[in-house]
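Order of the sequence lines fixes the chain letters, A, B, ..., with proteins taken first and strands second; residue numbering starts at 1 for each chain. Computed from heavy atoms alone, side chains included, the values below leave out hydrogens, waters and symmetry copies.
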Amino acid sequence: MSKIYEYLDERLSISDLKKFTEKKTVPNHKYSFWYYWGGISLLCFLIQLVTGILLMIYYKPGPDAYNSVRALTYDVDFGWLIRSAHSWSATIFLLSVFVHMFSVYFMKAYKKPREFGWWSGMALLILGLLFGFSGYLLPMDELSFTATKVGLAIPENIPVIGHAIASLMRGGLEVSEITVQRFFAWHAVVLPLLYLPLLMFHLWLVQKHGNAIPPSEEEVPFAQRKTIPFFPNFLMKDLAMWLFTLNVVAIMASLFPPDLGKMADPLGPAPVGIHPEWYFMSSFEMLKLLGKVITGTIGEAVGITIFTLGLVLWCLIPFYDVSSPKGLKGRRATYFGLFCLAVLLVTTLLGYLIG
Amino acid sequence: MSKNPSSNPSIESGDEDISRLNFIKVAVGGMCVAYAAAIGYPVFRYLNSPVSREAALASVKDVALAGADKLPLGAVLLFKFGPFPSMLIHHKDDSWVAFDSVCTHLGCTVQYHPELEKIVCACHGGQYDSHTGANISGPPPKPLTKFNVKVSPGTVTVTRA
């Protein structure tokens with residue numbers, strides 16, 4: 001063993017890496033728990049890569065999409081489990097990404113010099129949502145078909161160029177097998193190609209700048225701040241969280257596998273009680289509520305404008321909140337964050353309660 | 001269970017530390033193996049699913065070819081015996097014979113040449129006798145697998161010999 005280690009170390013300098021990770025420290029304070037959520041998202045992403053590749057072995061995009069998912073779910077040994085793990089890991093991925101984003105926001109970890117961490121993170125979140133949207137259509141059952149039709153109505157409402165964009169995404173004027181083929185290309189090729197380098201950039205920045213500390217910890221004099229070594233202390237805790245997450249994915253995937261509805265019928269009516277996946281529920285409900293106040297397509301346009309503005313403001317927060325955390329701008333940024341979180345939670349809940 | 005080593009003179013603390021370390025090592029190693037198996041087994045079954053289905057197909061003992069009794073003299077009928085390509089030949093002397101069409105050399109599908117009374121493999125020039133399946137020329141190491149043929153009105157039944 002030691003001879004192999006020596007052989008590799010002489011050529012790859014493993015001991016340098018070991019020394020480096022032992023020297024690297026991670027802040028340790030009462031909010032340290034929130035540091036794990038980026039890692040949880042990363043694990044879920046890796047599970048998505050592996051299960052996604054496995055699904056690709058049997059999945060057939062295009063006109064055979066529904067039947068291939070049917071065969072995969074009911075005929076292939078453990079196919080239901082792989083599909084279920086992909087679906088559950090997607091949910092836990094987006095959930096942990098949201099937790100990660102809000103914890104970064106409230107710890108004010110977007111401040112100088114970590115602005116690019118914040119922006120790359122936002123881009124990864126948007127790509128993550130596009131992964132969810134494009135992947136949802138692939139089984140081509142009633143629900144995914146209708147959800148995609150509704151979802152594509154959003155770009156459709158962008159003034160002037162909206163119709164062209166939506167038609168290009170659909171590959172026609174209606175959602176069809178051509179759309180499935182396109183969404184598959186996005187889901188399995190284009191989005192991963194965009195996501196992976198951006199993720200590397202994001203992780204490199206985390207490594208470069210280290211973990212940010214929350215404002216309350218910044219008040220503690222430098223000499224009194226506690227840290228733990230990255231290796232092995234933090235890594236061990238991180239791995240423990242990974243193991244916990246893996247178990248949650250495994251339990252949920254085994255006990256609650258997703259259904260496969262009836263095959264999408266382009267002439268059939270939308271199924272009763274249709275609603276989007278939970279991560280789109282908030283925007284779905286906001287559009288619905290706005291539509292009651294401002295009727296017609298203007299309501300949709302106003303709603304989409306509000307989302308876009310909110311998202312732009314959210315991304316630009318490092319430019320606004322540059323003063324001390326206790327300053328007026330720092331407090332306003334925190335209130336804005338709380339407001340956005342409250343709106344997201346309330347509209348999501350409303351979506352499930354009043355449907 | 002945790003005894004203070006200093007209160008028990010019969011146990012030396014050093015030994016106990018080593019056995020605890022060993023216990024943790026074995027437990028962690030065992031858990032890693034258990035996780036690898038719990039993930040690896042379904043993934044293997046998932047990937048192997050079509051293989052096990054074809055293996056079930058391959059275990060069929062006979063295949064009935066409806067209408068094959070009308071096969072003209074000197075003609076060949078290609079059919080699948082389970083998942084494998086096979087051929088039924090009605091020779092000019094009215095004898096019937098059926099072979100597995102997979103060349104025993106490197107697995108190409110062979111072809112019947114009625115004018116030569118031979119079965120030929122295009123890949124590496126292997127040749128078989130079309131009556132017995134014996135390898136007569138080229139690289140094939142073994143004869144073609146021969147099946148039993150039973151001709152009855154309206155059907156030809158091919159069974160594993």
Assess the cysteine pair Cys103(B) / Cys123(B): is their SG-SG separation shorter than 2.5 Å?
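With an SG-SG separation of 2.5 Å or more, Cys103(B) and Cys123(B) do not form a disulfide.
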More than 12 heavy atoms from other groups under 6.0 Å of OH on Tyr5(A):
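Atom OH in Tyr5(A) is packed in, count exceeds 12.
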Taking the six-membered ring for Trp and the full ring for Phe, Tyr or His, determine whether the centres of Phe147(B) and Phe99(B) are under 6.0 Å apart.
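Phe147(B) vs Phe99(B): aromatic centres not under 6.0 Å.
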With heavy-atom distances below 4.5 Å as the criterion, would you say the side chains of Phe133(A) and Tyr279(A) are in contact?
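Of all side-chain heavy-atom pairs linking Tyr279(A) with Phe133(A), none is under 4.5 Å.
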Under a 4.5 Å cut-off applied to non-hydrogen side-chain atoms, are Phe230(A) and Thr25(A) in contact?
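Side chain of Phe230(A) against side chain of Thr25(A), heavy atoms only: no contact under 4.5 Å found.
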Heavy-atom cut-off 4.5 Å, strictly under: side chain, backbone, both or neither for Leu54(A) against chain B?
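Both parts, backbone and side chain.
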Say whether His29(A) and Tyr35(A), considering side chains only, have a donor N or O and an acceptor N or O under 3.5 Å apart.
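Distance-only check passes for His29(A) and Tyr35(A).
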On the six-membered ring of Phe184(A), is Arg182(A) placed so that its NZ or CZ lies under 6.0 angstrom from the centre and within 45° of the ring axis?
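Output no; distance or angle outside limits.
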Return one line per donor-acceptor pair between chain A and chain B under 3.5 Å, naming both atoms and the distance rounded to 0.1 Å.
{"from": "Leu54(A)", "atom 1": "O", "to": "Tyr46(B)", "atom 2": "OH", "distance (Å)": "2.7"}
{"from": "Tyr58(A)", "atom 1": "OH", "to": "Tyr46(B)", "atom 2": "O", "distance (Å)": "2.6"}
{"from": "Asp75(A)", "atom 1": "O", "to": "Arg53(B)", "atom 2": "NH2", "distance (Å)": "2.8"}
{"from": "Asp77(A)", "atom 1": "N", "to": "Ser49(B)", "atom 2": "OG", "distance (Å)": "2.9"}
{"from": "Asn247(A)", "atom 1": "OD1", "to": "Tyr35(B)", "atom 2": "OH", "distance (Å)": "2.6"}
{"from": "Asn247(A)", "atom 1": "ND2", "to": "Tyr35(B)", "atom 2": "OH", "distance (Å)": "3.1"}

For Ile39(B), which atoms come within 4.5 Å of any heavy atom of chain A: side chain, backbone, both, or neither?
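Contact with chain A: side chain only.
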